[in-house]
Colleague: 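A single structure is presented below for examination.
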Amino acid sequence: MAGTLGLTTQTESSPSTLISGDVHLMKKIVLASGSGTVARGTVLGQITASYKWAPLAPAASDGTQVARCILAELESAVVPADDDLVANAYFAGMYRDADLVWPTEITNTLKAAALQQRADRGILVIEEGDPLTIS
(Lines give C-alpha, C1' and ligand atoms only; values in the text may rest on other atoms or scores of the structure.)
Protein backbone atom coordinates (compact mmCIF):
# COMPACT_ATOMS: atom_id res chain seq x y z
CA MET A 1 0.00 0.00 0.00
CA ALA A 2 1.08 3.53 -0.65
CA GLY A 3 -0.55 6.68 0.57
CA THR A 4 -0.46 10.44 0.21
CA LEU A 5 -2.00 12.96 2.59
CA GLY A 6 -3.90 10.27 4.46
CA LEU A 7 -5.43 8.77 1.31
CA THR A 8 -4.67 5.13 0.69
CA THR A 9 -4.29 3.56 -2.72
CA GLN A 10 -4.94 -0.18 -2.81
CA THR A 11 -2.09 -1.94 -4.62
CA GLU A 12 -2.43 -5.38 -3.03
CA SER A 13 -4.24 -8.26 -4.66
CA SER A 14 -6.59 -8.66 -1.68
CA PRO A 15 -8.07 -5.75 0.24
CA SER A 16 -7.20 -5.21 3.87
CA THR A 17 -10.00 -5.77 6.32
CA LEU A 18 -8.35 -3.93 9.21
CA ILE A 19 -10.69 -0.94 8.92
CA SER A 20 -14.25 -1.73 9.93
CA GLY A 21 -15.95 1.66 9.57
CA ASP A 22 -16.22 4.67 7.33
CA VAL A 23 -14.22 7.07 9.50
CA HIS A 24 -10.62 6.68 10.63
CA LEU A 25 -8.04 9.28 11.64
CA MET A 26 -4.44 8.77 10.62
CA LYS A 27 -1.23 10.75 11.12
CA LYS A 28 2.48 10.29 10.49
CA ILE A 29 4.61 8.84 13.27
CA VAL A 30 8.26 7.88 13.72
CA LEU A 31 8.91 4.22 14.51
CA ALA A 32 11.93 3.89 16.77
CA SER A 33 15.03 2.23 15.35
CA GLY A 34 15.33 -1.40 16.32
CA SER A 35 11.57 -1.97 16.61
CA GLY A 36 12.01 -5.14 14.58
CA THR A 37 9.44 -6.59 12.21
CA VAL A 38 6.13 -4.74 12.14
CA ALA A 39 3.03 -5.14 9.99
CA ARG A 40 -0.11 -3.22 9.18
CA GLY A 41 -2.39 -3.55 12.20
CA THR A 42 0.40 -3.70 14.81
CA VAL A 43 -0.71 -2.15 18.10
CA LEU A 44 1.81 0.53 19.09
CA GLY A 45 2.90 2.32 22.24
CA GLN A 46 4.88 5.55 22.55
CA ILE A 47 8.33 5.73 24.11
CA THR A 48 8.00 8.46 26.74
CA ALA A 49 11.60 9.71 26.55
CA SER A 50 11.79 10.13 22.75
CA TYR A 51 8.11 10.41 21.68
CA LYS A 52 8.86 7.73 19.08
CA TRP A 53 6.68 4.67 18.59
CA ALA A 54 7.30 0.93 18.95
CA PRO A 55 5.20 -2.25 19.14
CA LEU A 56 3.18 -2.65 22.32
CA ALA A 57 5.28 -4.24 25.08
CA PRO A 58 3.09 -5.06 28.11
CA ALA A 59 6.08 -5.78 30.39
CA ALA A 60 7.95 -2.57 29.52
CA SER A 61 8.14 0.59 31.61
CA ASP A 62 9.24 3.05 28.90
CA GLY A 63 5.74 4.01 27.72
CA THR A 64 5.29 1.20 25.19
CA GLN A 65 3.29 -0.76 27.77
CA VAL A 66 0.28 1.47 26.97
CA ALA A 67 -1.59 0.88 23.68
CA ARG A 68 -1.94 4.20 21.87
CA CYS A 69 -2.46 3.61 18.14
CA ILE A 70 -2.52 1.08 15.29
CA LEU A 71 0.07 0.95 12.52
CA ALA A 72 -1.56 1.83 9.21
CA GLU A 73 1.19 1.48 6.64
CA LEU A 74 4.91 1.75 6.14
CA GLU A 75 7.48 1.35 3.40
CA SER A 76 9.38 -1.58 4.94
CA ALA A 77 8.24 -4.44 7.18
CA VAL A 78 11.46 -4.26 9.21
CA VAL A 79 12.53 -1.15 11.11
CA PRO A 80 16.33 -0.86 10.74
CA ALA A 81 18.38 -1.32 13.91
CA ASP A 82 20.22 1.95 13.34
CA ASP A 83 17.60 4.23 11.80
CA ASP A 84 14.08 5.42 12.58
CA LEU A 85 11.29 4.94 10.04
CA VAL A 86 8.39 7.25 9.19
CA ALA A 87 5.01 5.52 8.96
CA ASN A 88 1.29 6.25 9.29
CA ALA A 89 -0.81 5.20 12.27
CA TYR A 90 -4.50 5.25 13.13
CA PHE A 91 -5.51 7.21 16.22
CA ALA A 92 -9.30 6.94 15.93
CA GLY A 93 -11.83 4.80 14.08
CA MET A 94 -13.30 1.32 14.04
CA TYR A 95 -11.06 -1.72 13.39
CA ARG A 96 -11.39 -5.51 13.22
CA ASP A 97 -9.87 -7.42 16.13
CA ALA A 98 -8.86 -10.35 13.90
CA ASP A 99 -6.58 -8.03 11.87
CA LEU A 100 -4.73 -6.45 14.80
CA VAL A 101 -1.18 -7.61 15.50
CA TRP A 102 -0.55 -8.09 19.22
CA PRO A 103 2.67 -9.05 21.01
CA THR A 104 2.95 -12.80 21.51
CA GLU A 105 3.28 -12.46 25.29
CA ILE A 106 0.05 -10.49 25.80
CA THR A 107 -2.57 -12.09 28.02
CA ASN A 108 -6.32 -11.83 27.46
CA THR A 109 -6.57 -9.57 30.52
CA LEU A 110 -3.89 -7.18 29.23
CA LYS A 111 -5.45 -7.20 25.77
CA ALA A 112 -8.87 -6.33 27.22
CA ALA A 113 -7.30 -3.47 29.22
CA ALA A 114 -5.53 -2.16 26.10
CA LEU A 115 -8.75 -2.28 24.09
CA GLN A 116 -10.58 -0.37 26.84
CA GLN A 117 -7.82 2.28 26.91
CA ARG A 118 -8.22 2.78 23.17
CA ALA A 119 -12.03 2.79 23.27
CA ASP A 120 -11.84 5.68 25.73
CA ARG A 121 -9.74 7.55 23.13
CA GLY A 122 -11.78 6.78 20.00
CA ILE A 123 -10.36 3.50 18.70
CA LEU A 124 -13.10 0.90 18.66
CA VAL A 125 -12.20 -2.73 18.01
CA ILE A 126 -14.92 -4.99 16.66
CA GLU A 127 -14.84 -8.75 17.12
CA GLU A 128 -16.17 -11.19 14.53
CA GLY A 129 -19.96 -11.43 14.81
CA ASP A 130 -20.27 -8.14 16.71
CA PRO A 131 -23.48 -6.36 15.65
CA LEU A 132 -21.49 -3.14 15.08
CA THR A 133 -19.40 -4.73 12.31
CA ILE A 134 -19.71 -2.84 9.04
CA SER A 135 -19.15 -4.91 5.92
Colleague: What distance do L110 atom CG and L115 atom CG have between them, rounded to the nearest 0.5 Å?
Modeller: 11.0 Å
Colleague: Please report the interatomic distance CZ(R40) to OH(Y90), rounded to the nearest 0.5 Å.
Modeller: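 Answer rounded to 0.5 Å: 4.0 Å.
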Colleague: What pair of heavy atoms forms the shortest contact from A72 to M26, and how long is it?
Modeller: CB-SD, 3.5 Å
Colleague: Quick one: does I47's side chain get under 4.5 Å of T64's, heavy atoms only?
Modeller: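 In contact.
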Colleague: Mind listing the closest non-hydrogen atom pair of A32 and K52 along with its distance?
Modeller: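 Nearest pair, atom of A32 first, then K52: CB-CB, 4.0 Å.
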Colleague: Taking the side chain as everything from C-beta on, heavy atoms only, tell me whether P55 gets closer than 4.5 Å to P103.
Modeller: no
Colleague: What pair of heavy atoms forms the shortest contact from C69 to F91, and how long is it?
Modeller: CB-CE2, 3.7 Å
Colleague: Counting only heavy atoms from other residues, nucleotides and ligands, does the tally under 6.0 Å from CG of D120 exceed 12?
Modeller: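 Check passes, neighbour count above 12.
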Colleague: How far apart are the closest heavy atoms of V66 and Q117, and which atoms are they?
Modeller: CG1-OE1, 3.7 Å
Colleague: What's the spacing between W102 CH2 and N108 CG if we round to 0.5 Å?
Modeller: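 So the CH2 of W102 and the CG of N108 are separated by 10.5 Å.
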Colleague: Between R118 (side chain) and A67 (backbone), is there a donor-acceptor pair under 3.5 Å?
Modeller: yes
Colleague: Quick one: does I29's side chain get under 4.5 Å of L44's, heavy atoms only?
Modeller: yes
Colleague: Rounded to the nearest 0.5 Å, what separates atom CG in L71 from atom OG in S35?
Modeller: 10.0 Å
Colleague: To check you understand the geometry: which heavy-atom pair defines the closest contact between E73 and A87, and what is its length?
Modeller: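 In this case the closest contact between E73 and A87 is O-CB, 3.4 Å.
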Colleague: Please confirm whether the backbone N or O of I126 pairs with a side-chain atom of D97, one donor and one acceptor, at under 3.5 Å?
Modeller: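 Not at all, since once roles are kept as given, no pair shorter than 3.5 Å links the two residues.
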Colleague: Got a donor-acceptor contact below 3.5 angstrom from the Q116 side chain to the A114 backbone?
Modeller: no
Colleague: Nearest 0.5 Å please: distance from the OG1 atom of T42 over to the CG atom of D99.
Modeller: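 So the gap between those two atoms works out to 11.5 Å.
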Colleague: Roughly how far apart are L100 CG and Y95 OH, rounded to 0.5 Å?
Modeller: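 Going from the CG atom of L100 to the OH atom of Y95 covers 9.5 Å.
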Colleague: Grab the two heavy atoms, one from I123 and one from R68, that are nearest each other, plus how far apart they are.
Modeller: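 Heavy atoms of I123 and R68 come nearest at CD1-O, 4.1 Å.
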Colleague: According to a hydrophobic-cluster definition based on side-chain heavy atoms being under 4.5 Å apart (Ile, Leu, Val, Met, Phe, Trp, Tyr only), do V101 and V125 belong together?
Modeller: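 No; V125 is not reachable from V101 via cluster members.
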